[in-house]
Amino acid sequence: MLGLTPVQELAEVEERMLRDDDFYQELLIAEDDLVDEYLAGKLATEELKGFQSNFLVTDERREKLRFSRAFKIYLAAAVERQAATSSKPAVDHQRKWYQSFFPASDKRVLAFSAAAVVLVAVLTISWLAFRPSRSSQVGQSLLAVTLSSGVTRGDGETRRIAIPSDTGVVQFQLEVTEDQPLTYKAELISEAKILMVRDQLSSRPAVNGRLVDLDIPAENLPTGDYRIRLSGDSAPLRTFAIRITR
């Protein structure tokens with residue numbers, strides 16, 4: 001999730017995810033815990049970098065983060081409202097109202113009912129706050145950029161890319177000339193420093209050859225010059241030069 005697993009162990013983890021349902025469920029729980037630690041500011045520096053550059057590359061995880069943030073905001077607001085408006089007579093009146101529907105001996109039903117009300121409210125607020133607009137569905141939140149292959153030594157033309165302010169993820173579609181699908185590794189480099197590494201990338205068919213998709217959160221691409229270095233088994237080393245502007 002954070003890009004810290006050794007490359008030689010990734011295949012084993014992916015295989016176990018496919019055949020072991022319990023292990024897959026544990027990973028989902030770990031994702032939730034990781035989101036909670038991120039929102040609480042408990043991640044170390046390296047973990048934070050991995051979270052931003054590796055964890056948030058899928059729509060599902062970004063949606064999970066948005067929902068968790070909305071849930072925390074809702075709970076905090078509910079606690080503030082309760083502290084500002086609660087009083088003993090009101091509480092007693094509310095308790096009598098509930099007891100007219102639920103006997104005092106069945107407290108579990110009361111607890112489950114209250115939890116269900118809170119859950120419905122949270123889901124409704126989150127859907128209204130974070131539902132994708134029609135404009136985002138046609139590509140405003142994801143910026144796709146195709147980078148032509150053929151630059152093998154880093155001395156080719158620099159591609160200038162302007163990233164709109166509402167872009168969440170930049171998807172670099174890297175052209176390759178290999179006919180068969182291969183496994184690639186991509187590195188994002190700035191000033192001779194490797195900022196990010198993506199392993200186990202696969203190519204997909206395209207109109208002219210094949211493409212390797214590299215998704216990078218837009219917040220990890222401030223204005224500046226970068227190189228994307230793409231390598232793979234039986235494939236030549238390719239370097240794509242880009243200049244990001246805001």
Side-chain angles (χ1 to χ4, degrees), residues 1-3 7 10-11 14 49-66 132-246:
M1 300 178 197
L2 299 178
V7 177
L10 287 176
E14 293 174 354
K49 292 180 180 178
F51 186 90
Q52 295 173 339
S53 61
N54 289 273
F55 187 85
L56 296 179
V57 298
T58 67
D59 292 336
E60 292 80 4
R61 287 175 176 173
R62 290 192 294 272
E63 183 63 30
K64 181 177 293 187
L65 176 61
R66 286 193 291 266
S133 64
R134 181 175 298 273
S135 60
S136 66
Q137 291 176 349
V138 297
Q140 278 198 347
S141 62
L142 185 145
L143 176 65
V145 180
T146 301
L147 300 180
S148 178
S149 62
V151 180
T152 58
R153 298 183 181 179
D155 54 358
E157 181 180 355
T158 298
R159 174 71 179 275
R160 290 170 172 78
I161 302 169
I163 300 180
S165 59
D166 59 352
T167 299
V169 175
V170 180
Q171 182 180 81
F172 294 104
Q173 301 174 350
L174 312 177
E175 289 188 353
V176 295
T177 56
E178 290 74 40
D179 295 331
Q180 71 278 14
L182 299 176
T183 300
Y184 297 86
K185 179 177 75 172
E187 299 169 299
L188 179 66
I189 303 171
S190 176
E191 298 180 353
K193 181 180 179 181
I194 298 177
L195 304 179
M196 186 197 71
V197 178
R198 290 278 193 275
D199 290 311
Q200 305 297 319
L201 297 177
S202 301
S203 62
R204 59 179 174 85
V207 177
N208 297 317
R210 304 182 70 86
L211 295 175
V212 177
D213 293 333
L214 175 62
D215 292 346
I216 300 178
E219 62 184 358
N220 290 352
L221 292 168
T223 298
D225 293 335
Y226 301 86
R227 288 181 294 122
I228 298 176
R229 187 163 60 195
L230 186 68
S231 60
D233 298 335
S234 305
L237 178 65
R238 296 179 172 89
T239 301
F240 304 84
I242 57 175
R243 175 167 295 168
I244 301 296
T245 59
R246 293 284 184 167

Gap between atom [atom2] of [Y] and atom [atom1] of [X] - 0.5 Å precision:
| X | Y | atom1 | atom2 | answer |
| --- | --- | --- | --- | --- |
| L195 | R227 | CG | CZ | 10.5 Å |
| F172 | L214 | CZ | CG | 7.0 Å |
| L147 | I242 | CG | CD1 | 6.5 Å |
| L211 | S202 | CG | OG | 13.0 Å |
| Y226 | I161 | OH | CD1 | 11.0 Å |
| K193 | E191 | NZ | CD | 9.5 Å |

What pairs with [X] under side-chain hydrogen bond (donor to acceptor under 3.5 Å, both in side chains), at least two apart in sequence or on another chain?
| X | answer |
| --- | --- |
| T183 | none |
| R243 | D225 |
| R159 | none |
| R229 | E187 |

Over all atoms of both residues, closest heavy-atom pair of Q173 and A144: NE2-CB, 3.7 Å
Taking every non-hydrogen atom, the tightest pair across T167 and I163: CB-CG2, 3.7 Å
Under 3.5 Å donor-acceptor, R210 side chain and L174 backbone: no
Those residues that, when tested against F51, pass ring-ring contact (aromatic ring centres under 6.0 Å, His included) (two or more places apart): Y38, F55
Any residue meeting side chain to side chain contact (heavy atoms under 4.5 Å, CB included) with S231, in chain and number order, not counting sequence neighbours: K185, L237
Contacts of type side chain to side chain contact (heavy atoms under 4.5 Å, CB included), residue A162, not counting sequence neighbours: T245
Heavy-atom side-chain contact between D233 and L182 under 4.5 Å: no
Pairs satisfying salt bridge (Lys or Arg N to Asp or Glu O under 4.0 Å), at least one member in residues 213-222, at least two apart: R204-D213
